[in-house]
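Order of appearance sets the numbers: ligands from 1, and atoms from 1 within every ligand. All values below come from the heavy atoms of this structure, side chains included, with hydrogens, waters and symmetry mates left out.
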Amino acid sequence: MQVLKFGGTSVASAENIEKVIAIVGQALAQGPVVLVVSALGGTTDALIGAGRAAAAGDEAFRITLRQLEARHLTAAEALLPTPAAQAELQPWLTAQFTELALLADGIFALGELSPRTLDRLMSYGELLSSRLVVAAFQARGLAAAWADSRQLLRTNSRFGMAQVEEVVTEQQVRAFQLATPSNLWVAPGFIAADAEGHTTTLGRGGSDYTAAILAAALGAEKLEIWTDVSGMLTADPRLVRAARPIAHISYEEAMELSHFGAKVLYAPTVQPVRQRGIPMWIKNTFAPQDFGTLVEVAPPPTPNVVRGLSSIGNLALLNLEGSGMVGVPGFSARLFAALARARINVVLITQSSSEHSICVGVNEADVPAAQGVVNEEFAGEISAGRLEPLRPETGLAIVALVGENMKNHPGISGRLFSALGHNGVNIRAIAQGASERNISTVIRASDVRKAINVLHEEFFEATSKQVNLFILGPGNVGGKLLAQLAQQQAYLREKLSLDLRVMAIANSRHSLVSEEGGLDLRTWPEDLNEAPKLTLEEFTQLIISKNLRNSIFVDVTANPAAADQYAPLLAKSVAIVACNKVAASAAYASYRHLKQLAQDFNTKYLFETNVGAALPVIGTLGDLTRSGDVVRRMQAVLSGTLNFVFNNYDGSRPFAEVVRQAQAEGYTEPDPRLDLNGSDVARKILILAREAGQQLEMNDVANESFLPPSCLEGDVPAFYEQLAVHEPHFRALYEAAASEGKRLKFVAQYTDGQAAVGLQQIPPGHDLYDLRGKDNVVLFYTDRYTDQPLVVKGAGAGAEVTASGVFADIIRAARL
Ligand code: ADP
Ligand code: ASP
Ligand code: MG
């Protein structure tokens, strides 16, 4: 005997039922079959909807019933080839819908839908589907016998979630078997009857359970649960795209996964077949050739320690705490007894070792009742101040790791915590069963999708890590960055197992956002121009609300308002990669705050390109200080513009003309005075001093301008006029240096806590003497580099290299 159960999708239409018939046909070749069917997909929901509408006085229930009738008649017509066969079933179907309409009219008239009536109403779904399937078999010449599950399964009278009485059930099944010898029985799932003969149901999704009970009662050689996925998967495929079938699983693991939310199997199903050691398959009606999942006593070992992940939503935590609990026996017993009296199911329990508090997880819908009974039970203690009134916390969910082997592998919880921690998922409570087959964490419901994907990646996809980028400012540098990303995507996936996806690109006019999967990096410029505008705050909210794992905000602007977004993002564990210097050179307190946030929220705030473009300046400084070295002195040339100007000015052309050329060639800011007055260089040395450990403000950086004061008054044209007026001043500066064989360099300097910027005469042979083009150089004098400095030198400007520096920070933030 084999028991095969087909779910709602498998029997949703005539076309699908044909597949069922084919699968059952093959099974019959191996022996007799008991076939259990669900209602046509969606029918149970529709019946409940109709019942509720009727009870609420809403006539819409009639439309629902008519649609259901039409759907069943259409299926019958398609399944039954001859008018004769149709003529037999159709009147029966019509009669059923007449009964249903009468029942619904009664509900409508009374304005009341009791659990008992609801069970009656819902039972029509499986009654109709099973009869339809019997007729379809008979029409194909197969003698199928209809078995009324209400006469087979005996339950108590807990309507909606009735409990099976095993002994009577088994007797009834055996008696039926003797009375009805047939190779093929077809039984409706989900429904049963109590001792008075009232129809009951086994709980939503209960057809799986019907099949397991029949399999156990008949001592079947196997149970097959046919559904719309190829087995039990490593996670809910609606949440995790990369979920994949689990080929072999133990009964205990399957039970644990289904108890913790894996909808594919109704949780009570496992117990009856486990007791009898009946192997259970989960198979896909739409891909019968797929292996599926075999649930068995001793599945073969696999390298995967975690077998699957699951989640349950609508959870609330109830916290009972107070000094009155410490050392007093019997508190938990009273708490659980009170909850049990109110029929409240406890999903999870944790107690701190101080015994100062006990915390249980229950369904959110049970919170009001729980509050009532618990506060009543402990009224005395509460009024005496020895206990706090029960404190419920809602909007939570459980995410559970399930695997028999977890107990033999240390470090699983560590990986769980660190993966969730890096993604800003706060864990409210944790429970690990004594079996160590399950580690459950309670988190915010809104974090479930992210958490379960993060964990899936951690435990099942060691091969690839998804990183989600939000790019602000696709201008010169940003544009180059996007081009580099597009070019490297495949390489990173293959070589570093990093799946970099650009989820949004925004500038001041448009924000292009990917719904899923990442933007197309070939067409983004056109797509962006069509996209609507988001304010910076809206963009930040978008990043936060998407709540994607491994999110990075990439700021390729020079916009002070963009820097204001870092703190709220870091506080959500979104990493920041900034080319923008504003934040790191703002008030010390706010720079420090951002660094601290990054640390507190387990994320990164990286800004290597703030100094010397892609040159490893900040990274080197960090390596030195982290390894215990002390930076005593830094000397640096850090401005592309000033380099260009002083490399090219030798008095043969006016100074103003050289500055104009620098501007024309794109070295300067739009307002060249920002470069010439040294403020940009001052910011950079300020950032370096801070990274070396000094608490400095911008005002502390001495800036001896080489510009006569009049050059800094007025607008840009006036500035050029003033440069021309002061040509003798610039020439004198140049000649004073040249006469001694020296060169002029605009140098940033840091010595024992003091920072300064200004023009210096550099003698030949000095490390700063020979600088060309866009070169930047930084000399580090440290406790380890005393006589000869550590020198970092190379191109320190240009969109392409700056973009590559941002790119490198992105990879660092992706935590490789
Ligand atoms: P049926 O109607 O066949 O009983 P269900 O809808 O009850 O089917 O269960 C199958 C569905 O369960 C799948 O389509 C899938 O969306 C969902 N599901 C949730 N978690 C899992 C999981 N871990 N493995 C497989 N399916 C899952
Ligand atoms: N039809 C019922 C439900 O939708 C039972 C089942 O499909 O297993 O809950
Ligand atoms: Mg189901």
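Taking every non-hydrogen atom of A235 and a distance limit under 4.0 Å, the qualifying atoms of ligand 1 come out as 22 (C), 23 (N). Below 4.0 Å from some heavy atom of V229 lie the following atoms of ligand 1, by number and element: 13 (C), 14 (O), 25 (C), 26 (N).
At a cut-off of 3.5 Å, with distance as the only test, no side-chain donor of T200 or D119 sits close to an acceptor on the other residue.
Legend: salt bridge (Lys or Arg N to Asp or Glu O under 4.0 Å) pairs involving residues 21-33, not counting sequence neighbours: none detected. Sorted by first and then second residue, the pairs that involve residues 14-28 and meet salt bridge (Lys or Arg N to Asp or Glu O under 4.0 Å), not counting sequence neighbours, are E18-R140.
In this structure, G231 is part of the shell of residues with a heavy atom less than 4.0 angstrom from ligand 1.
In this structure, the protein non-hydrogen atom closest to atom 2 (O) of ligand 1 is G8 N, 3.0 Å. At the shortest separation from atom 26 (N) of ligand 1 among protein heavy atoms lies V264 CB, 3.3 Å. Protein heavy atom in closest approach to atom 16 (O) of ligand 1: R238 NE, 3.3 Å. Of all protein heavy atoms, the one lying nearest to atom 3 (O) of ligand 1 is T227 OG1, 2.7 Å. Scanning the protein for heavy atoms near atom 14 (O) of ligand 1, the closest one is D228 OD1, 2.8 Å. For atom 5 (P) of ligand 1, the closest non-hydrogen atom of the protein is K263 NZ, 3.8 Å.
Annotation for Q26: atom CD does not count as buried by contact number, only 12 or fewer foreign heavy atoms lying within 6.0 Å.
Residue L233 holds the heavy atom nearest to atom 22 (C) of ligand 1 of all those in L309, L265, L233. Looking at P237, A262, G42, it is P237 that brings a heavy atom closest to atom 27 (C) of ligand 1.
Residues lining ligand 2 at a heavy-atom distance below 4.0 Å are given as S38, T44, E126, F190, R204, G205, G206, S207, ordered by chain and residue number.
At a 4.0 Å heavy-atom cut-off, ligand 1 touches M232 through the backbone alone. Under 4.0 Å from ligand 1, the heavy atoms of K5 that appear belong solely to its side chain.
Ion pairing between a basic and an acidic side chain is recognised when a charged N comes within 4.0 Å of a carboxylate O; K283 and E224 show no such pairing. Using a 4.0 Å cut-off between charged side-chain N and carboxylate O, E166 and R154 make no salt bridge. For the pair E458 and R415, the salt-bridge criterion is met [side-chain N within less than 4.0 Å of a carboxylate O]. E457 and K465 are not joined by a salt bridge, as no carboxylate oxygen comes within less than 4.0 angstrom of a charged side-chain nitrogen. Between R158 and E165 there is no salt bridge, since no side-chain N of the basic residue sits under 4.0 Å from a carboxylate O of the acidic one.
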If you apply the rule side chain to side chain donor-acceptor pair (under 3.5 Å), what do you find for Y124 with E99, and how did you get there? CA-CA 10 Å; Y124 281 89; E99 263 180 53; 2.6 Å; yes
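Considering only residues two or more places apart in sequence or on other chains, D58 meets the salt bridge (Lys or Arg N to Asp or Glu O under 4.0 Å) condition with none of them.
In this structure, R62 forms a cation-pi arrangement with F108, its terminal cationic atom sitting closer than 6.0 Å to the ring centre and no more than 45° off the ring axis.
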